[in-house]
Structures are given as structure tokens and as C-alpha cells.
Amino acid sequence: MEGIFITMEGPDGSGKTTQIKLLKQYLEQKGYDILIAREPGGTVISEAIREIILNKEYQEMSYMTELLLYAAARAQLVSQVIKPALEDGKAVICDRFIESSAVYQGIGRGLGVDTVYDVNHYAIGGVNPQLTIYLDLDAENGIKRKKDQAELDRMEMEDLTFHQRVVEGYRQLAQLYPERIFSVDATLPIETIHQILTEEVERRFFHE
Ligand code: TYD
């Protein structure tokens, strides 16, 4: 069995974790061993980088440093975890991946999407997701859902206009690359979203 690589994207609070759990169960029923990873993180080194990136004491961090740190965490995760799992025939679901950098650093921070893809080209070394799922949610909505939860980290502390740029960025990319990025309305009921996603995965991966 060949490996499958799916990434889940969306603004803070869009419900990625819940959908990943459901998708995992579905792919298990298909006979896959599943590996779930989250970004930034998923290895000891990547988690250490995550601590640096999200630490709200580090307000002086330059946008380029931020981009490179996300890419460094990703490079380690890909080489240590994702690539071996795919070679093993596993289904890998990653909570955020390159498109997060494209929208948060490329568009939100204004570094440019091309710059982000260039840098990340080296970070992932050809290990591209076959499908990226985007859970679409207005920024206001996402922040509200998040604020009910834990203390905010350095990225979440950004103002609403930053998060609106992020959402606009996701929408633009989803429109530009519909074959790569599949967009779903995150305000739909959990079960409905899951059903839409499984139909899409079925069509892309399991259709004769
Ligand atoms: P996390 O707590 O994992 O957020 P969420 O639960 O919303 O996924 O924190 C990750 C934060 O880092 C999130 O605000 C998005 C941001 N991020 C980037 O800016 N660039 C990236 O490449 C990645 C992977 C995440």
C-alpha cells in the first residue's frame, strides 16, 4: 500500500483537530496505519523551535526569522517523521503545513508567497502533500472560538486585521489551486464537514 499525505489548514479555531480525528478513523477503516503530526512541532527539535516561535516574550522576532524557524521545524519533521512514514505506506495527516507559511508569513507578514514557497522548497525536499484541506472560517469567528480557550500565544496576539489577511490569503490560494487545496465551510455541522471531506478523499484516492 502506498502512503497518503494529507494536510489540514485553517485559521486559529477552525476545528482542524476535530476533523483530523474523524478523518483518522475513516482512513483506519480503509486499512491504513495513521500518523498524525502537528506544525510547528512533532519532533523533539521541532517542538523546541515551536517554543521559540510562539513565545510571546520574543516580540522583536523579525518576520524572516519567523519564516525560517517555521521552515526549520518543518524540515526536521519531514525528514525524521513524515518521509519515513510515507515510505512505510502510512497515511499521514498533518495539522498545518506549507500553506500556513504561505498565508501567515507570505501574506499576513507580507514576505510574499513566492519567497515562502522558495524557502520551503528546500525544507521539504519534494515531500508534497497530495491533498490540502482548508477549513474556511471568518477571522472574527476563529478568534472568538480561540479566546474561549487557553492563553494566547505570539501569533494569536496579532490584531484582527492580520488574521483577516490570513483568511483572505487562504481563500485566494484555494481559488488559485483548486486541485491542490480543497475548501470547506467550517461553520457547517461537524458531521457534515466530515462527510464532505470523506467524499473528496474517496474521489481523489480510492476512485477507480
Ligand atoms: P497552534 O497552537 O498549533 O495553532 P492552531 O491550533 O491554530 O493550529 O499554533 C500554530 C500557530 O503558528 C498558528 O497561529 C499558525 C502559526 N503558523 C504560522 O504562522 N506559519 C506556519 O508555517 C505554521 C505551521 C503555523
Rounded to the nearest 0.5 Å, the NE2 atom of His121 sits from the CD1 atom of Ile98 at a distance of 10.0 Å

Sub-4.5 Å side-chain heavy-atom contact between Leu135 and Lys16: yes

So, do Gln19 and Leu22 sit near enough that their side-chain heavy atoms are less than 4.5 Å apart? yes

Using the side chain to side chain contact (heavy atoms under 4.5 Å, CB included) rule, take Ile52 and Met61 through it: C-alpha gap first, then chi angles, then the decisive distance, then the call. CA-CA 10 Å; Ile52 300 172; Met61 187 182 294; 4.1 Å; yes

Please find the pair of heavy atoms, one from Ser183 and one from Asp136, that lie closest to each other, and give the distance. OG-CB, 4.0 Å

Out of the candidates Ser100, Ser79, Ser101, only one should pair with Arg74 under the side chain to side chain donor-acceptor pair (under 3.5 Å) rule; please name it. Ser101

Out of curiosity, Thr43 OG1 to Arg50 CZ, how far, rounded to the nearest 0.5 Å? 12.0 Å

Test item: Pro11 and His163 side chains (from C-beta on) under 4.5 Å apart, heavy atoms: no

Looking at Glu199 and Arg203, is there a salt bridge between them, counting it only when a charged N and a carboxylate O are closer than 4.0 Å? no

In terms of side-chain heavy atoms, does Tyr104 have a donor or acceptor partner in Glu99 at a distance below 3.5 Å? no

Parallel, tilted or perpendicular: rings of Tyr26 and Phe206 (30°, 60°): perpendicular

State yes or no: do Tyr58 and Phe162 share one hydrophobic cluster built from I, L, V, M, F, W and Y residues joined by side-chain heavy-atom distances below 4.5 Å, directly or via other members? yes

Single-linkage hydrophobic cluster, 4.5 Å side-chain cutoff, Ile190 and Leu188 together: no

CD1-NZ distance between Ile34 and Lys21, expressed to the nearest 0.5 angstrom: 15.0 Å

Indicate yes or no: at least one non-hydrogen side-chain atom of Phe205 is less than 4.5 angstrom from one of Leu27. no

Do Glu158 side-chain atoms and Met155 backbone N/O form a donor-acceptor pair below 3.5 Å? no

Shared hydrophobic cluster, Val78 / Ile49 (ILVMFWY, side-chain heavy atoms < 4.5 Å): yes

Shared hydrophobic cluster for Ile45 and Val127 (ILVMFWY, side-chain gaps under 4.5 Å): yes

Which atoms form the tightest heavy-atom contact between Arg38 and Leu77, and what is the distance? O-CD2, 4.3 Å

Is the shortest side-chain N to carboxylate O distance from Asp159 to Arg165 below 4.0 Å? no

So, Tyr170 versus Glu9: side-chain donor-acceptor pair below 3.5 Å or not? yes

Quick one: pull up OH in Tyr32 and CD1 in Ile4 and give me the separation to the nearest 0.5 Å. 3.5 Å

Pairwise side-chain contact, Lys83 with Glu87, heavy-atom cut-off 4.5 Å (strictly under): yes

Taking Leu111's backbone N and O only, do any of them form a donor-acceptor pair with Thr115's side chain (distance below 3.5 Å, no angle check)? yes

Please check: side-chain N/O of Gln130 versus main-chain N/O of Phe5, any donor-acceptor pairing under 3.5 Å? yes

Step by step, would you call Thr187 with Asn141 a side chain to side chain contact (heavy atoms under 4.5 Å, CB included)? CA-CA 9 Å; Thr187 64; Asn141 229 329; 4.2 Å; yes

Verify the cluster assignment for Val116 and Val167: are they in a single hydrophobic cluster under the rule of side-chain heavy atoms below 4.5 Å apart? no

Minimal non-hydrogen separation, Asp138 against Arg171, with atom names: OD1-NH2, 2.9 Å

Would a distance-only check, ignoring hydrogens and angles, find a side-chain to backbone donor-acceptor pair under 3.5 Å from Asn55 to Glu57? yes

Do Tyr70 and Arg96 get their side chains close enough for a donor-acceptor pair, meaning under 3.5 Å? no

Which atom names give the shortest non-hydrogen contact between Gly169 and Val103, and what distance separates them? C-CG1, 3.5 Å

Measuring from atom CD1 of Ile181 to atom CG of Leu173, what distance do you get when rounded to the nearest 0.5 angstrom? 5.0 Å

If you apply the rule side chain to side chain contact (heavy atoms under 4.5 Å, CB included), what do you find for Asp95 with Ile36, and how did you get there? CA-CA 8 Å; Asp95 184 345; Ile36 292 181; 5.8 Å; no

Please report the closest heavy-atom contact between Gly41 and Ser46, naming both atoms and the distance. O-CB, 3.3 Å

Would you say the side chain of Ile133 lies within less than 4.5 Å of the side chain of Leu197, judging by non-hydrogen atoms? yes

Do you know which two heavy atoms are closest between Leu137 and Ser14, and how far apart they sit? CD2-CA, 3.8 Å

Leu23 side, atom CG; Glu28 side, atom CD - distance, nearest 0.5 Å: 10.5 Å

Is it the case that the side chain of Arg154 and the backbone of Ile53 share a donor-acceptor pair, with hydrogens and angles ignored and the cut-off at 3.5 Å? yes

